[in-house]
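Remarks on the structure that follows.
Letters go in sequence order (proteins before strands), and every chain restarts at 1. Quick caveat: nothing in here was measured; it's all calculated off a predicted structure. Keep in mind that the numbers below use all heavy atoms, side chains included, and drop hydrogens, waters and symmetry copies.
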There are 2 protein chains.
Amino acid sequence: MCELLAMSANVPTDIVFSFTGLVERGGVTGPHVDGWGITFYEGKGCRTFKDAKPSSESEIASLIKAYPIKSCTVISHIRQANRGRVCLENTHPFTRVLWGRYWTYVHNGQLSGYKQALQCEQFVPVGNTDSELAFCWIMEQLQKKYPKRPANIKSAFRYVAKLADKLRQFGVFNMMLSDGNYIMSYCSNNLSWITRRAPFGKAQLIDADMVVDFDKETTPNDVVTVIATRPLTDNEQWQVMKPGQWCVFRQGELFAQSK
Amino acid sequence: MCELLAMSANVPTDIVFSFTGLVERGGVTGPHVDGWGITFYEGKGCRTFKDAKPSSESEIASLIKAYPIKSCTVISHIRQANRGRVCLENTHPFTRVLWGRYWTYVHNGQLSGYKQALQCEQFVPVGNTDSELAFCWIMEQLQKKYPKRPANIKSAFRYVAKLADKLRQFGVFNMMLSDGNYIMSYCSNNLSWITRRAPFGKAQLIDADMVVDFDKETTPNDVVTVIATRPLTDNEQWQVMKPGQWCVFRQGELFAQSK
């Protein structure tokens, strides 16, 4: 199993607090020692930092903790390998271009007996994980159904949810997917989220001895949603998603969800 | 104009010395203040660090200088914007997937009157630079001509050179292109390269007060080629490329070149 983390915000926000908790799970409080990665969007552009080393030992992870990159859309992953060896090309997040935007994806879980069903011609994996193949297959199906970006983007996310329902038949498929504007999260068994807005309070990390007083870090108009495999704080009320549920967030707010 | 830098080596080598010289051109000794980026390959995977801020002020550039990431294949770019505004999605290097590998590209120069000729359907730009469009067009033409990776990869690079000849009709087109294994450089007006091998000597950066004694940094079997817009050192003999010339390097050695 791996740890997923995403943030959707209405103003550029740093993810240092949540990432600090996540990084601890990469070798200190958790067994996720096979690499990590994080993607920050800035406008239509994005930057990905990744490392095949455990996040708790990574100098680049230390940079991310020390140097707050502000973004409205962030996706992150800490890996415990099950399918595919430990190397950079198998390290999440994965990114491909669709409809003139960078789409970024992370997956938690394990699929079996899927190769025959997930044939890809246009979106080809570089590594050999089930995760990247499933992502390429989703991108390929999306492009086949919508050669151009649909005016009603909700229909595209509903279609991704249907594809994820199929993927879930092959095993555990928790995933997050973003084009920089929207973040979709699909739950197979473990995903939780929380939206923070005024009045802000204090939050206590579960995995590190760290408290943040968001009231001092934010303005009254800020809306920030954090999505994670498991709740990262123990003094706040997280929404625990159910198997098959999905949500789409935009600028910190819930934009669409499963019925 | 922008500054390009690439390195091809037969053993994982750090690029700290050359990158230090390049970074100075981003706002100190040169006018290239509109962002920078660098891609390191590790196996089939790659990592790109980029920033829309001047490289001489960038905290991430400081990380690259301080933390030697070793790689056999590196491509880097410092930007002075001419086409396309200063933002992350317009910052080089650009990367796309072809034949199951990440292809990374940087361009120096400026094209005019090219849009009609460079129509892309499958490889679509995200930003709005002439550089990224030219890259997408090269990828698209390559995929059309070779739906699968050709057994003789030289023929693919010869075809890229033909495409670059066409692009050069629209203006200045110095570029470097890599799949992580090979690095191709195509010269429109400014590109130089040097291959360092035993016996190694000392090198003095032009743009910063820094000398490296490669004899202390290398083993006798190391072969390292550096390609740059202009020579980075003033006490070594660089090969200055001519307009229309191209080279392909692999593991530090010249693999193919124009006749």
Side-chain angles (χ1 to χ4, degrees), chain A residues 35 37-53 58-64 66-69 71 84-92 94-103 120-129 132-133 135-136 139 143 147-149 179-180, chain B residues 35 37-53 58-64 66-69 71 84-92 94-103 120-129 132-133 135-136 139 143 147-149 179-180:
Chain A
I38 186 166
T39 299
F40 299 86
Y41 278 90
E42 292 173 36
K44 292 173 80 179
C46 64
R47 294 197 265 194
T48 297
F49 299 85
K50 51 171 76 170
D51 210 327
K53 286 198 288 189
S58 166
E59 296 185 49
I60 301 172
S62 300
L63 171 85
I64 307 293
Y67 171 52
I69 297 174
S71 169
R85 70 186 179 91
V86 178
C87 57
L88 196 60
E89 70 259 32
N90 285 343
T91 304
H92 305 225
F94 301 105
T95 299
R96 292 293 186 280
V97 176
L98 177 67
W99 307 325
R101 290 197 75 112
Y102 293 111
W103 288 77
C120 294
E121 288 179 9
Q122 200 57 51
F123 289 87
V124 179
V126 174
N128 58 355
T129 59
E132 189 187 9
L133 180 61
F135 173 47
C136 289
M139 290 287 103
Q143 193 188 42
K148 295 196 170 173
R149 183 185 187 280
D179 71 340
Chain B
I38 188 167
T39 299
F40 299 86
Y41 279 88
E42 293 172 36
K44 293 173 78 180
C46 64
R47 296 196 265 194
T48 298
F49 299 85
K50 51 171 78 172
D51 209 327
K53 285 198 290 186
S58 165
E59 295 185 49
I60 300 171
S62 301
L63 170 87
I64 307 295
Y67 171 53
I69 297 174
S71 169
R85 69 185 180 91
V86 179
C87 56
L88 195 60
E89 69 259 31
N90 286 342
T91 304
H92 305 224
F94 300 105
T95 300
R96 293 291 187 280
V97 176
L98 177 68
W99 306 325
R101 290 197 76 112
Y102 293 111
W103 289 77
C120 294
E121 286 179 11
Q122 200 56 52
F123 288 87
V124 180
V126 174
N128 57 355
T129 59
E132 188 187 9
L133 181 60
F135 173 47
C136 289
M139 289 288 103
Q143 193 188 43
K148 294 193 172 177
R149 183 184 186 282
D179 70 340

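For B:Tyr102, the parts sitting under 4.5 Å from any heavy atom of chain A are the backbone and the side chain alike. Both the backbone and the side chain of A:Arg47 come within contact range of chain B, judged by heavy atoms closer than 4.5 Å. Residue B:Asn90 does not touch chain A at all, counting heavy-atom pairs closer than 4.5 Å. Within the 4.5 angstrom heavy-atom criterion, no atom of A:Cys136 approaches chain B. Residue A:Gln143 touches chain B through its side chain alone, counting heavy-atom pairs closer than 4.5 Å.
A:Val97 and B:Val126 get closest at one heavy-atom pair: CG1-CG2, 3.9 Å.
Taking A:Ile69, A:Thr48, A:Asp51 one by one and counting their heavy-atom pairs under 4.5 Å with chain B, the maximum is reached by A:Asp51.
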For this session: Decide side chain to side chain contact (heavy atoms under 4.5 Å, CB included) for A:Glu42 and B:Lys50; before the verdict, give the C-alpha distance in whole Å, the side-chain angles of both, and the deciding distance to 0.1 Å.
Result: CA-CA 11 Å; A:Glu42 292 173 36; B:Lys50 51 171 78 172; over 6 Å; no
